[in-house]
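Within every chain, numbering begins at 1; the chains are lettered A, B, ... in the order of the sequence lines, protein sequences first and strands thereafter. Every heavy atom of this structure was used, including side-chain atoms; hydrogens, water molecules and symmetry mates were not.
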Amino acid sequence: MISHLPVLQVIVPLMAAPICLIFKRAQLVWLFSLLVSGLTFLISILLLQQVMTSGVLSYELGGWQAPWGIEYRIDKLNAFLLLIISAISTIVLFAAQTSIEKEIDKNKHTLFYVLYLLSLTGMLGIVATGDAFNVFVFLEISSLSSYALIAMGKNKRALWASYQYLIMGTIGATFILIGVGLMYQMTGTLNMQDLSQRLPEVAQTRTVFTAFAFVIVGVCLKLALFPLHHWLPNAYAYAPSIVTAFFAATATKVAIYLLIRLTFSVFGLSFSFTTIPLQSLFMALGLIGIFIASISAIYQNNIKHLFAYSSIAQIGYMIVGFSISTVTGLTATLLHVFNHALMKCAIFLALAAVMYRLDDVQLNNFHGLGRQMPLTMAAIVVAGLSLIGMPLTVGFVSKWYLLSALLEQGWWPVAVLILLAAILTVVYLWRIIEVAYFKQPLVDNAAVKEAPILFLVPIWTLTIANIYFGIDTRLSVQVAQAAAQSLFGLTP
Amino acid sequence: MDIVINFSSGLCLFIGSFLCVSGGIGILRFPDFYTRMHAVGVTGTLGAAMILIGLMLHSTDLLVFAKLVMILLLTLLLSPTTSHVLAKAALHNGLMPKLSQNTLEQSSLDLKSKETASSKF
Amino acid sequence: MIDIVLLTLLLVVAIAIIRMKDLFAVIMLSGIYGLLSASFFVAMDAVDVAFTEAAVGAGISTLLMLVVITMTGRSENTTRHKPFPALLLVVITGGLLIYGTLDMPYFGSADAPVHSHVAPRYINDSMQEIGIPNIVTSILASYRAFDTFGELVVIFTAGVGVLALLSIVRRPIKGDKIAAVNDSMHEQHLVIRIVTKILLPFILLFALYVQFHGDFGPGGGFQAGVIFAAAIILYAMLFGLSTARIVINQAFIQLIAATGVLLYGCVGLVSLLNGGNFFDYNFLSNDAIAGQHLGILLIEWAVGCTVASVMIIIFFNFADYRERQLSNENQHNQESP
Amino acid sequence: MLIGLFNNWIVVILMMIGLYIVIAHGNLIKKIVGLTLFQTSVFIFYISMAKVVGGTAPILADDIIQYSNPLPHALILTAIVVGIATIALALSLVIRIKAAYGSIEEEEIQRQDNQIQADKKERKQA
Amino acid sequence: MLVAATLAIFVAMILAIIRGISGPTFYDRILAVNMFGTKTVLLISLLGFVMGRPEFLDIAIVYALINFISVIAVLRYSDTNQFKHTPGAEPCNRKSTEKEP
């Protein structure tokens with residue numbers, strides 16, 4: 001059974017979704033999906049160990065060799081992402097039942113869990129597969145289920161946000177399809193490994209250049225990189241808060257994985273960074289994205305909007321790390337993927353708790369929340385500090401590696417800009433902390449109690465993880481370093 | 001023997017395609033919806049039947065022949081029904097046929113009376 | 001030659017769609033666009049794709065858009081906001097694509113890399129390895145079975161998504177009300193109901209023929225599912241939604257959709273437990289070719305069930321929402337005058 | 001040169017028409033039709049890539065030697081079904097938006113959104 | 001002879017498309033779609049014989065069915081009030097204002 005782990009990783013949640021549809025009772029379905037998500041988390045841990053010990057795993061589906069059949073290639077990068085996604089999904093599922101009690105009406109709870117498991121399957125499928133067209137199919141599974149999940153939000157604007165996300169997402173997916181088609185036309189194969197061997201000889205043709213451009217634009221649309229980010233704030237703000245917590249921590253990370261996989265493994269480092277001035281382009285887009293997103297985060301009233309814009313800023317950091325195109329730069333990006341998942345999931349779960357108690361997350365709802373919901377507010381403060389990058393938190397680790405990668409290349413002005421951006425983060429966090437601790441609670445929400453236990457357990461496990469991985473960085477740094485080195489071809 | 005079959009299949013194909021083209025011209029040049037309907041309905045069914053018969057004569061193996069018979073039966077059943085439904089819906093929804101001037105007032109009068117009579121369901 | 005004519009026709013229809021204001025005409029033209037592209041696929045020897053595009057592109061999507069149009073109104077407002085930045089963006093992407101086509105292998109050239117690397121094995125060895133004449137079905141169901149599994153899950157997700165968005169708790173309708181609806185429908189559509197009564201058994205039989213004929217000629221699970229669903233939709237349109245609900249009850253249809261996906265997965269699991277990789281049919285039975293046949297048959301059956309039930313779910317929810325909206329409007333009209 | 005690439009250029013023009021409709025037109029249903037045009041033109045691009053002049057449909061028959069490439073056909077079967085799934089979901093969203101906002105024009109919906117935003121700000125100041 | 005018939009069918013299809021695009025009332029458009037559907041059935045059968053692959057006839061049968069079902073759907077759903085044909089004010093692109101009854 002051990003040799004079948006790569007495919008079981010995707011099949012377990014996939015088979016669980018229709019089973020959930022057959023059980024009609026929501027309580028049973030919640031426990032079942034929690035169990036399935038835990039099982040997926042276990043499989044991803046075993047996979048990570050297997051990959052760290054015995055290198056790349058290759059699993060041929062249907063027994064056909066690579067370019068003819070579909071092949072699952074799991075290396076350190078895949079295993080790292082699979083671990084993050086399944087861990088986040090298990091933690092978020094703890095708080096799911098209590099949160100959707102208030103936000104989604106009764107007869108739709110089972111459908112919520114089916115769609116949740118399907119989007120989990122879609123993301124795991126994208127990360128695990130080694131076939132270019134299979135990425136498109138599983139991308140569609142995760143996007144379709146995320147459109148439906150976002151549209152289940154209570155607020156009527158969730159429908160409009162989901163529609164805009166659908167249009168942008170489908171255009172992005174079709175761009176990826178065009179890119180894959182052009183690549184197939186020039187090389188005749190769909191397998192990523194085979195593509196990377198056959199692309200260099202046709203690399204100088206204009207068709208491969210266009211294929212690269214289309215695929216990158218398609219992925220950037222899914223990534224919500226600066227100019228193409230308009231769908232993200234509304235989608236995250238009006239979706240049910242559990243859905244926001246799950247997607248904020250995983251959806252954009254999968255797109256970052258795709259970007260890294262395409263530029264490093266499929267097109268090759270030399271091709272990606274020479275044909276298009278990818279380095280300066282992404283560096284510029286990342287920096288502009290950080291500043292504009294942080295500034296617009298400051299003026300937001302809806303706290304979910306605020307942290308959605310801050311997510312776009314954090315993606316800007318990852319893109320800057322990616323554009324340095326050195327081993328430490330890539331390690332910084334992978335570290336930030338891991339750390340950002342922890343930070344953002346903790347914050348949005350805390351917001352889900354506030355939403356559960358106050359039914360709204362406007363700034364004036366936060367008046368005096370520090371006394372009324374002390375534990376939840378404390379979690380937001382700690383996660384906020386790690387967002388800024390204070391020492392002893394995960395944020396500091398990823399900022400440290402990003403700055404060292406930048407200084408290694410001698411681009412100290414960019415490093416200064418990064419520190420400036422951290423100050424902007426302080427500004428919009430201070431707005432929340434000041435309101436929560438130094439203002440009296442408004443009269444109508446005086447009788448607000450602390451969030452229920454099922455919320456506090458996941459929030460505080462994430463906050464402790466925020467601090468623990470800030471201090472003992474062995475797991476995250478070691479895996480990220482090994483993944484970056486394997487991508488650069490200098491396997492240790 | 002096969003010269004006769006070839007000749008007759010060619011003849012059927014020629015008639016069928018002539019009918020189709022005339023149906024096409026009819027749909028463009030006729031002034032009003034109902035006259036176009038007439039053109040398409042008649043030539044559509046007969047033209048299709050002739051072409052299919054022409055193909056039947058041309059076909060060699062039995063399975064292909066059976067499929068062509070099935071398509072012929074299907075077209076003969078469906079295309080008149082569709083024309084009927086189309087005309088009924090158009091009339092029911094008030095599309096007035098373009099009649100010569102004097103019959104226009106006369107027919108609109110009795111249509112009104114029919115309208116009030118049939119407005120019960 | 002034929003494809004150049006068809007492509008220019010497609011271009012004409014596409015430009016007409018831009019200029020049309022009346023949404024109904026746009027849907028009619030998108031139906032023609034689907035039919036034209038399906039006949040283009042036939043001219044390009046893509047037989048299975050023409051089948052699916054005709055059934056899905058020209059049939060079901062026109063149908064669904066029609067049901068939506070009757071709810072949302074026909075006219076599109078005339079102000080075309082921000083045409084120039086859109087035009088600029090479109091021209092840039094178009095230019096990049098045209099720039100990309102300059103180095104492409106010429107249309108139909110046999111020595112293009114596409115025909116020399118992976119495809120020859122499918123064409124030459126698929127008879128020995130899998131033993132069915134239709135290579136597209138053998139690729140779909142055996143070489144790249146996981147792609148089709150992913151696609152089946154996409155259709156299942158769409159069905160669950162539509163259920164999540166539109167499904168409402170059904171109040172049991174009284175028996176006599178259904179009879180009233182039935183009578184008024186009967187009176188309105190007399191001829192059509194008789195013709196459909198003759199036609200329905202044939203369409204369902206034809207769907208089963210397409211389902212099991214997928215190995216030898218064009219056809220397969222998807223096409224059969226769509227044709228089956230089209231027959232049920234025809235029945236529901238002409239005999240009234242409430243009668244159709246009695247004939248096909250919704251909970252059972254959702255159950256079939258779920259079991260279809262599970263059946264597909266179980267075929268993989270069985271081959272996993274017998275020792276092979278996930279979708280390796282050689283381990284399904286002692287002889288490899290028999291295993292392949294059995295695997296492909298089961299998979300096509302699972303795909304047919306799921307696609308048919310999801311299409312029925314989608315149509316019934318759309319029509320149900322429209323029915324409820326019309327009844328609200330009628331009550332509203334009765335109260336207001 | 002022209003004949004060889006003519007197919008691709010028409011496909012590119014069709015793609016751009018679809019993209020233009022999606023971006024420039026405000027009506028939600030018009031955007032969906034634009035999306036179908038855009039996706040169908042991508043399918044036509046794949047299939048015209050698979051055609052071999054003188055080759056017939058990829059169904060094995062004993063007297064034929066040259067076949068068209070069957071792999072893009074299998075890929076496009078998947079893509080068509082993905083397209084119809086997206087369209088079905090988009091249409092159900094349009095129905096819900098019509099019920100919630102009362103209109104399916106982008107400007108009208110955007111105006112109502114900004115309206116709600118403005119009311120919330122006034123309530124906050126009050 | 002087969003190729004001549006195919007060309008004739010093509011001409012008929014082009015004429016149907018012209019009527020489909022320019023048709024003033026929306027019933028003309030349904031008529032055009034219906035005619036276009038039947039002509040495509042014939043085109044596919046002829047192509048099957050021209051190209052020597054008689055498998056195409058299955059597709060022709062599906063075309064006939066799908067065309068029938070979509071025309072019936074159009075007519076079944078066109079009896080709501082907003083399709084009431086008000087003579088004179090056809091809701092086509094020349095006259096942008098359309099009186100909602």
S.K.: Which answer fits A/Ala213, side chain, backbone, both or neither, if we ask what part of it has an atom under 4.5 Å from a heavy atom of chain C?
M.R.: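 Interface part for A/Ala213: side chain.
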S.K.: Does any backbone or side-chain atom of A/Phe136 lie under 4.5 Å from a heavy atom of chain C? Answer side chain, backbone, both or neither.
M.R.: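 Neither part.
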S.K.: Under 4.5 Å heavy-atom distance to chain C, tell me which part of A/Thr205 shows up: side chain, backbone, both or neither.
M.R.: both
S.K.: Heavy-atom distance under 4.5 Å between the side chains of A/Pro67 and C/Arg121, does that happen here?
M.R.: no
S.K.: With side chain to side chain contact (heavy atoms under 4.5 Å, CB included) as the test, would you mind laying out the steps for C/Phe146 and A/Phe138 before giving the verdict?
M.R.: CA-CA 10 Å; C/Phe146 201 69; A/Phe138 277 88; 3.3 Å; yes
S.K.: Which region of A/Leu190, side chain (C-beta onward) or backbone (N, CA, C, O), has a non-hydrogen atom less than 4.5 Å from a non-hydrogen atom of chain C, or is it both or neither?
M.R.: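 Answer is side chain: those atoms of A/Leu190 sit under 4.5 Å from chain C.
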S.K.: A/Ile19, A/Asp131, A/Leu182: which one forms the most heavy-atom pairs within less than 4.5 Å of chain C?
M.R.: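 Looking at each of A/Ile19, A/Asp131, A/Leu182 in turn, A/Asp131 comes out on top.
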S.K.: Exactly one of A/Leu61, A/Asn134, A/Ile11, A/Ile70 should register a side chain to side chain contact (heavy atoms under 4.5 Å, CB included) with C/Phe149. Which one does?
M.R.: A/Ile11
S.K.: Could you state the interatomic distance from CG (A/Leu117) to OG1 (C/Thr157), rounded to the nearest 0.5 Å?
M.R.: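 If I round to the nearest 0.5 Å, the distance is 11.5 Å.
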S.K.: Kindly indicate whether the side chain of C/Asn277, heavy atoms from C-beta on, has any atom under 4.5 Å from the side chain of A/His4.
M.R.: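 Yes - at least one pair of side-chain heavy atoms lies under 4.5 Å apart.
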S.K.: Begin with the C-alpha distance, continue with both residues' side-chain angles, and end with the deciding distance and a verdict on side chain to side chain contact (heavy atoms under 4.5 Å, CB included) for A/Thr187 and C/His117.
M.R.: CA-CA 8 Å; A/Thr187 57; C/His117 178 46; over 6 Å; no
S.K.: Determine yes or no for a side-chain-to-main-chain donor-acceptor pair under 3.5 angstrom, with A/Thr207 supplying the side chain and C/Gly100 the backbone.
M.R.: yes
S.K.: If we define contacts as heavy-atom pairs under 4.5 Å, which of A/Ala17, A/Gly63, A/Ala148 has the most with chain C?
M.R.: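 The residue among A/Ala17, A/Gly63, A/Ala148 with the greatest pair count is A/Gly63.
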S.K.: If you define the side chain from C-beta out and look only at heavy atoms, does anything of A/Trp68 sit under 4.5 Å from C/Arg144?
M.R.: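 No; the side chains remain at least 4.5 Å from each other.
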S.K.: Would you mind checking which part of A/Tyr147 comes under 4.5 Å of any heavy atom in chain C, side chain (CB onward), backbone (N, CA, C, O), both or neither?
M.R.: neither
S.K.: So what's closer than 4.5 Å to chain C heavy atoms on A/Phe212: side chain, backbone, both or neither?
M.R.: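 Neither part.
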S.K.: Take C/Asp280 and A/Glu60, measure what side chain to side chain contact (heavy atoms under 4.5 Å, CB included) needs, and give me the verdict at the end.
M.R.: CA-CA 9 Å; C/Asp280 198 341; A/Glu60 276 132 10; over 6 Å; no
S.K.: C/Phe279, C/Phe283, C/Tyr264: which one forms the most heavy-atom pairs within less than 4.5 Å of chain A?
M.R.: C/Phe279
S.K.: Identify the heavy atoms of C/Leu165 and A/Ala151 that sit nearest to each other, and give their distance.
M.R.: CD2-CB, 3.4 Å
S.K.: What part of C/Leu269 gets within 4.5 angstrom of chain A, counting heavy atoms only: side chain, backbone, both, or neither?
M.R.: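 Side chain only.
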S.K.: What part of A/Val114 gets closer than 4.5 Å to chain C, counting heavy atoms only: side chain, backbone, both or neither?
M.R.: side chain
S.K.: In Å, rounded to the nearest 0.5 Å, how long is the span from OG1 of A/Thr110 to CD of C/Gln254?
M.R.: 10.0 Å
S.K.: Could you walk me through whether A/Thr121 and C/Val153 pass the side chain to side chain contact (heavy atoms under 4.5 Å, CB included) test, one step at a time?
M.R.: CA-CA 10 Å; A/Thr121 319; C/Val153 174; 5.7 Å; no
S.K.: With a 4.5 angstrom heavy-atom cut-off, which part of A/Asn191 approaches chain C: side chain, backbone, both or neither?
M.R.: neither
S.K.: Relative to chain C, which of A/Ile178, A/Leu144, A/Thr189 shows the most heavy atom pairs under 4.5 Å?
M.R.: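 Of A/Ile178, A/Leu144, A/Thr189, A/Thr189 has the most heavy-atom pairs under 4.5 Å with chain C.
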S.K.: Counting heavy-atom pairs under 4.5 Å to chain A, which of C/Gly161, C/Ser116, C/Pro113, C/Ala145 comes out on top?
M.R.: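 The candidate making the most pairs under 4.5 Å is C/Pro113.
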S.K.: Using non-hydrogen atoms only, which part of A/Ile141 is less than 4.5 Å away from chain C: side chain, backbone, both, or neither?
M.R.: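 Both parts, backbone and side chain.
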S.K.: Which bit of C/Leu255 comes within less than 4.5 Å of chain A, counting heavy atoms only: side chain, backbone, both or neither?
M.R.: side chain
S.K.: Considering only heavy atoms and a distance below 4.5 Å, find which of A/Lys108, A/Met152, A/Gln185 pairs most often with chain C.
M.R.: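 Winner by heavy-atom pair count: A/Gln185.
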S.K.: Chain C heavy atoms under 4.5 Å from A/Asp105: which part of the residue, side chain, backbone, both or neither?
M.R.: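 Neither; nothing under 4.5 Å.
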S.K.: Below 6.0 angstrom between ring centroids: does that apply to C/Tyr143 and A/Trp64?
M.R.: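 Yes, the ring centres sit under 6.0 Å apart.
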S.K.: Top residue by heavy-atom pair count (under 4.5 Å) with chain A, among C/Thr259, C/Val154, C/Thr93, C/Val162?
M.R.: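 Top option by heavy-atom pairs under 4.5 Å: C/Val154.
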S.K.: Measure distances from A/Ile104 to the heavy atoms of chain C and classify the residue's part below 4.5 Å as side chain, backbone, both or neither.
M.R.: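 Neither part; nothing is under 4.5 Å.
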S.K.: Can you name the nearest heavy-atom pair linking A/Val137 to C/Glu151, along with the distance?
M.R.: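 Nearest pair, atom of A/Val137 first, then C/Glu151: CG1-N, 3.7 Å.
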S.K.: Might you point out which heavy atoms bring A/Gly188 and C/Val118 nearest each other, and give the distance in Å?
M.R.: O-CG2, 3.3 Å
